[in-house]
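Both counts, for ligands and for their atoms, begin at 1 and track the order of listing.
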Amino acid sequence: MKVLIVDDQLFVRETIKSELSLVAPEVKFDFHEADCGNKAIEMLENKYIDELPAIELVIADLKMENGDGLAIINHMATTRSREIPLAIVSSSDKRTLELIGSITNSFSLNLVGVFQKPLDISEIYASVSANKSVPQECEQSIEVTPICNEANITSLLNEDNLFLCYQPKINIRTGELVGFEVLSRLCIQGDGFIYPDKFIPLIEKSGLNCQFTKLVFNQALSQWHLFEKLKFYSLSVNISANDLLSDDFINYVIDKHLSHSDIKLMLELTESQQTINQDRSIQAIAKFIINDIPISLDDFGKSYSTFDRLDSIPFDEIKIDKDFVTDLDVNLQHQAIVESTIALARKLNVKVVAEGVETLSVLKKLKALGCHIAQGYYISPPIEGRYLMAWINNYNQQNECQHVSC
Ligand code: C2E
Ligand code: CA
Ligand code: CA
């Protein structure tokens with residue numbers, strides 16, 4: 001049985017391993033360990049999720065530096081890890097454990113239970129055995145990656161298959177929630193998710209980009225209309241460079257903005273030679289700006305093409321690419337790039353968003369550098385629409401207690 005144990009204390013991990021082996025001597029355990037939430041998320045995301053045998057149990061501590069149990073819960077809730085049985089362990093009081101239990105249940109995770117430290121491993125194992133979803137030794141669940149190719153992308157692209165997640169952006173100084181970025185997935189019934197790195201190039205190649213972005217707009221705006229409270233927060237939608245070449249699309253966005261004037265819409269444009277240097281694209285950007293639709297320059301830093309355009313195009317926001325942000329606390333070169341981008345943005349009166357914030361240490365560094373807004377797994381992975389309000393309420397409560405801001 002493949003088990004991932006996440007706890008910042010080595011002796012707790014060792015105890016769990018030895019006691020599990022004692023409680024269930026007939027089971028062949030394959031233990032994997034992480035000493036913080038971020039490492040566990042990385043393991044779940046990169047290595048172990050596709051590797052067989054699949055992980056059959058995650059045992060995670062609640063309170064840890066560098067990504068706590070809630071970060072793991074949030075991550076699992078929005079990824080393929082959702083099905084993995086999860087046992088939360090903590091030395092918090094019973095009321096806190098109950099709250100965590102209800103948050104986890106509201107995310108429809110496969111929760112084995114929330115257990116108080118000092119741990120009674122036999123209690124955890126009994127709950128695991130009673131949990132029907134735990135795959136048996138020889139019954140590995142093999143995730144079927146849905147087929148998505150040029151031939152079937154047109155038929156896959158419809159409202160029913162489009163599945164939007166929303167990733168929060170926070171004000172670094174106050175910890176306040178300021179908005180969300182819409183991130184698309186295709187969800188094929190019974191087959192699972194297809195991620196944008198796979199389907200966006202196919203959509204672009206097939207010339208379906210405007211049709212696709214319209215679907216994204218419709219679904220995201222409907223979500224924002226479901227709850228009045230969501231209108232406090234900006235809604236950022238990614239636009240592809242090719243979208244800017246269609247007058248029909250540009251007018252569609254402007255109409256949507258006019259008819260949903262109570263929603264703080266923002267467009268995220270990827271920084272590319274194609275976007276910035278074509279006259280038609282510049283005109284489209286100007287048209288959006290004239291119509292009070294703010295533009296964010298995405299993936300800033302990936303190419304140098306935009307530095308000379310920054311002063312001529314009144315972008316509202318630049319998003320520093322996550323490649324420069326994720327390791328900024330240990331990579332001095334990246335730190336220098338981020339620092340000079342922030343200084344430049346300040347001169348131009350443009351807000352700076354750092355994406356890919358995975359740790360408290362990076363968030364603190366960004367705060368010291370004067371960066372305005374942060375987005376990343378440390379705050380939350382992208383959240384499914386149906387859990388958005390629960391997440392917001394929980395975040396706002398936590399932020400009032402100053403848990404998230406630094
Ligand atoms: P992006 O606009 O740069 O979006 C950020 C990507 O980074 C997202 O990947 C997000 O899930 C991921 N991410 C967020 N926080 C972290 C973090 O802390 N660490 C790391 N390592 N990654 C993080 P995702 O959702 O797979 O999207 C990939 C790209 O696909 C997006 O990059 C965006 O360019 C594109 N995309 C997504 N949705 C849409 C859409 O509706 N329309 C268009 N045109 N493009 C989209
Ligand atoms: Ca983006
Ligand atoms: Ca990016």
Side-chain angles (χ1 to χ4, degrees), residues 37-39 41-46 66-67 71 74-75 77-80 157 161-170 179-187 193-205 208-221 223 234-246 249 253 266-272 274-275 295-303 315 317-329 341 352-363 366 373-385:
N38 289 332
K39 195 163 164 195
I41 289 169
E42 198 182 303
M43 289 164 87
L44 286 168
E45 194 176 43
N46 300 330
N66 297 329
N74 275 317
H75 174 82
T78 50
T79 61
R80 291 178 292 156
L157 205 63
N161 290 340
L162 180 67
F163 183 92
L164 299 185
C165 288
Y166 302 86
Q167 191 174 33
K169 292 167 158 185
I170 62 159
F180 290 85
E181 175 181 3
V182 186
L183 293 161
S184 307
R185 284 92 184 83
L186 289 182
C187 179
F193 287 115
I194 310 172
Y195 287 84
D197 53 340
K198 183 92 198 267
F199 67 79
I200 297 274
L202 293 172
I203 284 176
E204 297 281 332
K205 214 168 165 189
L208 296 165
N209 48 289
C210 292
Q211 186 189 326
F212 166 72
T213 315
K214 283 181 181 177
L215 281 179
V216 174
F217 262 94
N218 279 337
Q219 210 181 101
L221 290 170
Q223 172 82 34
S234 63
L235 176 65
S236 298
V237 180
N238 287 288
I239 300 282
S240 84
N242 287 330
D243 290 338
L244 296 178
L245 304 178
S246 159
F249 177 77
V253 174
M266 179 173 262
L267 305 180
E268 290 195 10
L269 275 175
T270 298
E271 181 200 18
S272 73
Q274 201 190 354
T275 322
I295 308 280
S296 169
L297 189 54
D298 208 351
D299 299 331
F300 189 84
K302 267 193 170 170
S303 98
F315 293 106
E317 174 184 286
I318 54 181
K319 279 185 103 166
I320 308 180
D321 192 68
K322 59 178 175 294
D323 287 354
F324 302 109
V325 175
T326 309
D327 63 354
L328 148 106
D329 51 341
T341 308
V352 184
V353 181
E355 62 170 29
V357 178
E358 297 182 355
T359 61
L360 179 60
S361 156
V362 167
L363 189 63
L366 287 165
I373 295 165
Q375 180 180 344
Y377 295 157
Y378 179 70
I379 298 126
S380 170
I383 303 157
E384 256 185 65

Checking a contact table here: which protein heavy atom is nearest [atom], and how many Å away?
atom: atom 15 (N) of ligand 1; value: Q167 NE2, 2.9 Å
atom: atom 44 (N) of ligand 1; value: N238 O, 3.7 Å
atom: atom 11 (O) of ligand 1; value: P382 CG, 3.5 Å
atom: atom 6 (C) of ligand 1; value: K322 NZ, 3.6 Å

From [atom1] ([X]) to [atom2] ([Y]), nearest 0.5 Å:
X: I239; Y: T270; atom1: CD1; atom2: OG1; result: 10.0 Å
X: I379; Y: I170; atom1: CD1; atom2: CD1; result: 4.0 Å
X: H75; Y: I41; atom1: NE2; atom2: CD1; result: 6.0 Å
X: I203; Y: N209; atom1: CD1; atom2: CG; result: 8.0 Å
X: K322; Y: D299; atom1: NZ; atom2: CG; result: 7.0 Å
X: F199; Y: I194; atom1: CZ; atom2: CD1; result: 7.5 Å

Judged by non-hydrogen atoms, does [X] sit under 4.0 Å from ligand 1?
X: V216; result: yes
X: K319; result: no
X: F212; result: yes

Less than 4.0 Å from atom 9 (O) of ligand 1, is there any heavy atom belonging to the protein?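 No, no protein heavy atom sits under 4.0 Å from atom 9 (O) of ligand 1.
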Quick one: does atom 32 (O) of ligand 1 have a protein heavy atom under 4.0 Å from it?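 Looking at atom 32 (O) of ligand 1, one finds that no protein heavy atom lies closer than 4.0 Å.
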Look only at interatomic distance and state if [X] has a nitrogen or oxygen under 3.5 Å from any nitrogen or oxygen of ligand 1.
X: T326; value: no
X: R185; value: yes
X: Y377; value: yes
X: Y195; value: no
X: D298; value: yes
X: E358; value: yes

Suppose I only count heavy atoms of [X] and a 4.0 Å limit; which atoms of ligand 1 are within that range?
X: E181; result: 2 (O), 4 (O)
X: E355; result: 3 (O)
X: D299; result: 3 (O)

Just heavy atoms, cut-off under 4.0 Å: does I200 contact ligand 1 by side chain, backbone, both, or neither?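 Contact part for I200 vs ligand 1: side chain (C-beta onward).
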Within the distance-only criterion (no hydrogens, no angle test), does the side chain of [X] pair as donor or acceptor with the backbone N or O of [Y] below 3.5 angstrom?
X: D243; Y: S240; value: yes
X: N38; Y: E358; value: yes
X: S236; Y: M266; value: no

Residues that E384 engages under side-chain hydrogen bond (donor to acceptor under 3.5 Å, both in side chains), provided they are two or more places apart: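 For E384 the side-chain hydrogen bond (donor to acceptor under 3.5 Å, both in side chains) partners, ignoring immediate neighbours, are R82, R386.
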Return the minimal non-hydrogen interatomic distance between [X] and [Y], and the atom names on each side.
X: Y377; Y: P382; answer: CE2-CD, 4.2 Å
X: N66; Y: L360; answer: OD1-N, 4.5 Å
X: V182; Y: N238; answer: O-ND2, 3.2 Å

Measuring only between side-chain heavy atoms, which start at C-beta, is Q375 closer than 4.5 Å to P168?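 A side-chain contact under 4.5 Å is absent here.
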Is there a side-chain contact between F324 and L328, using heavy atoms and a 4.5 Å cut-off?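 No, side chains not in contact.
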Any idea which of P196, A374, S184 brings a heavy atom closest to atom 30 (O) of ligand 1?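 Looking at heavy atoms only, P196 sits closest to atom 30 (O) of ligand 1.
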In this structure, which one of E268, E355, E181 forms a salt bridge (charged side-chain N to carboxylate O under 4.0 Å, His left out) with K169?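 Passing option: E268.
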Environment of the Ca ion (ligand 2) in terms of protein N/O/S atoms, cut-off under 3.0 Å: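 Hits for the Ca ion (ligand 2) below 3.0 Å: E181 OE2, N238 OD1, E268 OE1, D298 OD2.
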